[in-house]
Amino acid sequence: LEQIRLPSAQEALTAALGDEDHRVVMRAVEAFTDRQRTRHVPSALFHYVELLVRRLNEARTPLHKAIWPWTATPFFREKAAHILLTAVGDKTPSRLIPYLGILSPDDRLAAANMLLAESHEGEVRQALLDLLGDPSAPVRKLVLENDQKLRLTESDTPYLESLLKRKSTDLRRGVTSILLERPDVLVLESVDRLLGSKNQAQVGAGEEILRSMAEARRALDDVRQRLPQDIPRGLSMDTGQGEPLVVTADDALGLADLRH
């Protein structure tokens, strides 16, 4: 059936996704895995894949051996979920949202691209916000690059600040950049919350935002008042050119060269 590739064969393979024998199901899944080779997408394919994904309670399902013990290969739910990208067809990409958590990183990236092409409201907007903190760096990068499409508001700030508990450099840089795009008074409110956190990663993010504000000469008096006591107000730096260079909060702890 996979080799015939006729519409009637595709319909039969779709029905095979509901077979009780997981070995049959696995062969049907492999037939739909290559999106470019799937010329005809049966209208019922998405429904059958949804049922299959729900049926596979675990990420990895062992298959019974056909003849020899070494022929028993595992069946991965992620592989079945991959077909959803093909099966969604003309349906709204929001149908993919419940399955984002079981898609592979590459498939989540493809799904994020589909969602970004949609109206960024309701569940689509929330899904994209969640993908902002995705474990996959390419997915995070895609959403961060399109953050203006999400029309972020102050109600999203607590979520953004919570992402700063993470250690991923790209995520922290992207989130702090978003927070810094707001008016000074709102940025300083975020700084106060971050510095008051029990999470050291958030405290570090608050200090980094202060440094960025100082470098940009933003609200310098307020920034100086908030500099943590354990960050020296003046630091002696060896420039390798004889006299050490003393930096203070006035030059953003050395980030701004005021000699030129």
Side-chain angles (χ1 to χ4, degrees), residues 1-119 122-140 142-143:
L1 291 175
E2 177 184 0
Q3 294 175 357
I4 294 174
R5 299 188 196 174
L6 293 174
S8 57
Q10 300 289 299
E11 298 287 351
L13 284 169
T14 298
L17 292 172
D19 198 279
E20 294 182 358
D21 191 330
H22 283 165
R23 292 169 297 181
V24 175
V25 173
M26 184 176 72
R27 290 298 305 138
V29 166
E30 290 176 351
F32 287 111
T33 297
D34 190 339
R35 297 171 65 184
Q36 294 181 348
R37 293 177 60 190
T38 306
R39 299 177 181 176
H40 171 71
V41 179
S43 59
L45 181 58
F46 195 91
H47 174 67
Y48 271 89
V49 178
E50 279 188 309
L51 294 178
L52 173 60
V53 170
R54 294 169 186 169
R55 214 170 91 199
L56 300 172
N57 296 323
E58 299 180 359
R60 183 177 183 274
T61 301
L63 300 180
H64 297 296
K65 58 183 179 292
I67 300 176
W68 307 110
W70 55 84
T71 63
T73 56
F75 180 36
F76 295 95
R77 182 175 57 178
E78 180 182 286
K79 192 170 185 177
H82 170 77
I83 307 175
L84 290 168
L85 298 177
T86 300
V88 70
D90 295 332
K91 299 177 179 64
T92 172
S94 62
R95 295 282 298 273
L96 297 171
I97 292 176
Y99 310 104
L100 290 174
I102 59 176
L103 291 175
S104 69
D106 286 344
D107 287 345
R108 286 200 305 277
L109 182 62
N113 267 307
M114 293 182 186
L115 291 173
L116 283 168
E118 288 287 286
S119 174
E123 62 176 353
V124 173
R125 182 179 183 277
Q126 185 57 53
L128 289 169
L129 276 175
D130 292 340
L131 289 174
L132 193 65
D134 193 85
S136 171
V139 176
R140 294 195 299 265
L142 176 65
V143 181

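None of the values given here were measured: they were computed from a predicted structure.
- Distance CG/Leu84 to CG/Asp107: 9.0 Å, rounded to 0.5 Å.
- Within the model, atoms CZ of Phe32 and OG1 of Thr14 stand 3.5 Å from one another, a figure rounded to the nearest 0.5 Å.
- Remark: Leu128 CG to Glu123 CD distance equals 11.0 Å, nearest 0.5 Å.
- Leu13 contributes atom CG, which lies 9.5 Å from atom CG of Leu45 (distance to the nearest 0.5 angstrom).
- Shortest non-hydrogen contact noted between Val49 and Ala80 is CG1-O, 3.5 Å.
- Within the 4.5 Å cutoff, no side-chain heavy atoms of Leu100 are placed close to those of Asp130.
- Counted by atom type alone, Ser94 and Glu118 present zero donor-acceptor pairs between their side chains at under 3.5 Å.
- A side-chain donor-acceptor contact under 3.5 Å links Arg54 and Tyr99.
- A donor-acceptor contact shorter than 3.5 Å is absent between the side chain of His82 and the backbone of Leu103.
- Of all heavy-atom pairs between Lys91 and Ala87, the closest is NZ-O, 4.0 Å.
- Going from atom OG1 of Thr33 over to atom CD1 of Ile83 covers 5.5 Å, rounded to the nearest 0.5 Å.
- To the nearest 0.5 Å, atom CZ of residue Arg108 and atom CG of residue Leu142 are 12.5 Å apart.
- Within the 4.5 Å cutoff, no side-chain heavy atoms of Lys79 are placed close to those of Met26.
- Shown here is Asp106, whose CG atom has no more than 12 heavy atoms of other residues, nucleotides or ligands within 6.0 Å.
- Remark: side-chain polar atoms of Arg140 are not paired, donor with acceptor, to backbone N or O of Gly133 under 3.5 angstrom.
- Residues Thr86 and Phe46 are not in side-chain contact: their nearest non-hydrogen atoms beyond the backbone lie 4.5 Å or more apart.
- Side-chain contact between Gln10 and Pro7 is absent, with no heavy atoms from C-beta onward closer than 4.5 Å.
- Nearest heavy atoms, Ala127 versus Leu115: CB-CD1, 4.3 Å.
- With Met114 as the partner, the side chain to side chain contact (heavy atoms under 4.5 Å, CB included) test is satisfied by one option alone out of Leu85, Thr92, Val124: Leu85.
- Residues Glu78 and Ile102 form no side-chain contact, since every pair of their non-hydrogen atoms from C-beta on lies 4.5 Å or further apart.
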